[in-house]
Amino acid sequence: MREPLLLPPPATSKPTAMAILASLVVVVVALLLHFAASPISKPTYHDLFLSLSDNSTAARHLRALTLRPHVASSAADAAVAAYVLSALSALPAHSASYGVLLSFPVRRSLSLAPSPSAPAAPFDLVQEVYPGDPYAAAAAEAIPTFHAFAASGAVAGPVAYANYGRVEDFEALVSLGVNLTGAVVLARYGKIYRGDIVRNAQDAGAAATVIYTDAKDYGGGAAGKPFPEGPWMPPSGVQIGSTYRGLGDPTTPGWACATGAGDGDGGECERWSVAEVAASGLVPGIPSLPVSARDGEAIHRTIGGRMAPDEWQGEEGSPVYRLGPGPGILNLTYMGNETIATIQNVFAVIEGKEEPDRFVLLGNHRDAWTFGAVDPNSGTAALLELAQRLWKLQKRGWTPRRTIVLCSWDAEEYGLIGSTEWVEENREMLSSRAVAYLNVDSAVAGPGFYSYATPQLDELIIDASKKVQDPDNSSQTLYESWIGSGNSPTIGRLGGGGTDFAAFVQHVGVPSVDIAFGEGYPVYHSLYDDFMWMEKFGDPMFHRHVAAASIWGLVALRLADDEILPFDYVSYALELQESTREIQHDVLGTPVSFSPLFKSIRELKSAATEINAEKKALEREIWGIKLEKNPLKVRELNDRLMMAERAFTDREGLCGRQWYKHLIYGPSQHNDYGSKSFPGIDDAIDEAKKSNASESWRFVQHEVYRVARAVTRASLVLKGKFT
Ligand SMILES: *[C@@H]1O[C@H](CO)[C@@H](O)[C@H](O)[C@H]1NC(C)=O
Ligand SMILES: *[C@@H]1O[C@H](CO)[C@@H](O)[C@H](O)[C@H]1NC(C)=O
Ligand SMILES: *[C@@H]1O[C@H](CO)[C@@H](O)[C@H](O)[C@H]1NC(C)=O
Ligand SMILES: *[C@@H]1O[C@H](CO)[C@@H](O)[C@H](O)[C@H]1NC(C)=O
Ligand SMILES: *[C@@H]1O[C@H](CO)[C@@H](O)[C@H](O)[C@H]1NC(C)=O
Ligand SMILES: *[C@@H]1O[C@H](CO)[C@@H](O)[C@H](O)[C@H]1NC(C)=O
């Protein structure tokens, strides 16, 4: 083996007097240069960043951002984009527009007859405003409750109940002999992505789907009071949302259609037609509507037949749930308008001084189904508060080593559209220059810190959490509240498709993070996700908002300022080992061997250990004083750390869903919210279990080899050596 050009020379044995004198001179010169060039050290700036937190700024921004409902491409959305652009203008900021396919409700009706011969009564499909609601006038502008991208159509059929609409729920119905052909399936929200519920219903032969909010999951139990008295979903509250199962603009799969000034809607771009989108299978082929807990209960009362299993029942006091189909008849009409609309991403850029061509990106979406106080503008408020702190650091002489980009995405709610278009458009730039992407969607929904990351960033998040104060207890750090009574924090992974990190991780392989306070909240995607809810229940003092900004910003500052990137691939190797053990357990007794994968992971661990030692060697100190490093060596080492994640991506992508390039993390096929480790192996195992054919088990083995090869390529990148 030959050493690559930029590795440090082997350490010499005993220092001579000459060498000691020479290092003394180096130290003195380094000290002089150090103090002359930057009067305040980077860590001091980072402490300053933490000390500048300002809850009133976060609260003020959140109030301004959530005055009106602002669905993607609406006039109110454009106004919020202008607000963000102006709030970031000191950094400075710009925006970029795209013409993308969005979906709007034109006509909806739903009526219920207790039996085929009885008269039908219509539902009003309206979320009620409560007496004294300060947002009552603006609520009238809210988009009617609907499922974006549902098929248009008019359907009448007997109702059948399918619990949470998961694959296993439909399997249970089949095994119980419930005939879903032509039925209108009633399912409840709460376990999987709604687009997968509709798809499962369609696959089961249903003619339409109605998805309701069950009081058992969103009502807070007997003592739970609905908003505005309590945080729980009011009886008329409805969860709106998309049913598109892809991501990005459905008419430009894999590429973007930017609209420059005066270009109109980007009519010059290559696009699929709406008919081609429908044929892709990524949008539902049946109509669908979301309804409230109250309407769901009324529908339940008309369903007869066999009693549903215990776990399928509602809370105490609700009617007994039965499976149907019928005798209740639901008559559903939905007409949607799928149309090309203009969306806008907003950016602020703080150019790096030493490495302006290396990017640390922070992103959050801005569009909301209604007022969006939690989802997503708690994140936007945190982003703007964070931006104000960075601007204050700049005024005190700070410039980052690498370029920091703040991103405000549009049309996330429709299918991560703004971020995905931008990533597709800038794929090569990101692939060669992005250090990390740090996402925050709903920054604050309640207490408790939650974090998700690609594993080389675990240690950095843990480190940062030790410097940030717990927003709910000033006598401990965020780290202490995070680990609770345990001794290590739990960090989730980024295979899911629920928010804007997806394209960065799963399409390009950019190391990423996602953080939030609170996990889930009852008024999600309803009319009640407004500033009042946040002020009363989500974050009364706005301390969680600033804690979110603090940890988000501190992680970003370390990534932007640390001379050597704070990545640790040993945690990646350990995590992969664990995931491999789990998936291996899933196929015990089959001919599949995981030893190629285990072997490649051992190599990764040793390459990660080696590069950590190289980092240490570069960070040599004499008498506690850091030596000047060879900048080319530092750069070369950083490039290996940055690019190793890219090696987990594969040009071919996942079998049958080629857009997904990452072989380690991707969404579950059955629940887009769910993160899968080794999604390609997982898909293959699914198939093989169904058929139990020897060639399908050989295909599982092929997928294992494919992941092993990717892991080996990552080791080579870390080593920086050819074979
Ligand atoms: C299921 O219901 C449909 C529609 O009512 C009917 O056409 C079909 O024959 C039924 N299938 C079975 C197996 O009962
Ligand atoms: C369903 O409702 C629509 C709209 O209200 C109505 O025109 C239609 O006749 C109804 N169909 C049935 C089968 O009741
Ligand atoms: C669909 O949306 C387009 C663009 O907003 C509008 O021009 C058209 O009138 C709408 N069609 C219907 C049926 O509402
Ligand atoms: C706050 O943190 C301190 C130190 O960890 C702990 O002793 C105390 O119980 C916490 N208080 C609450 C209300 O959780
Ligand atoms: C900010 O926090 C202080 C206490 O630390 C509190 O008095 C104040 O009300 C908070 N501001 C807002 C807008 O919640
Ligand atoms: C799958 O096939 C193998 C070999 O053909 C057989 O031994 C095994 O019992 C089958 N497993 C299942 C679950 O059918």
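First listed ligand is number 1; within each ligand, the first listed atom is number 1.
Counting heavy atoms only, Asn337 comes closest to atom 12 (C) of ligand 3 of the residues Asn337, Thr339, Ile340, Leu102.
In this structure, Pro540 counts as a contact residue of ligand 5, since one of its heavy atoms falls inside 4.0 Å of the ligand. Using a 4.0 angstrom heavy-atom cutoff, His543 counts as in contact with ligand 5.
The N/O atoms of Asn55, backbone and side chain alike, include one that comes under 3.5 Å of an N/O atom in ligand 5. Taking only nitrogen or oxygen atoms, main chain and side chain alike, Phe542 does not reach within less than 3.5 Å of ligand 5.
Scanning all protein heavy atoms for the shortest distance to atom 5 (O) of ligand 4 gives Gln476 OE1, 2.8 Å. Here the protein heavy atom with the shortest distance to atom 1 (C) of ligand 4 is Asn473 ND2, 1.4 Å.
Proximity of the aromatic rings of His61 and Tyr83 is defined here by a centroid distance below 6.0 angstrom, and this criterion is met. Tyr130 has its ring centre less than 6.0 Å from the ring centre of Phe227.
For the pair Lys395 and Trp391, the cation-pi test (distance below 6.0 Å, angle within 45°) is passed. Under the 6.0 Å distance and 45° angle rule, Arg389 counts as a cation-pi partner of Phe49.
For atom 14 (O) of ligand 5, a protein heavy-atom neighbour is present inside the 4.0 Å cut-off. Protein heavy atoms all stay at least 4.0 Å away from atom 7 (O) of ligand 4.
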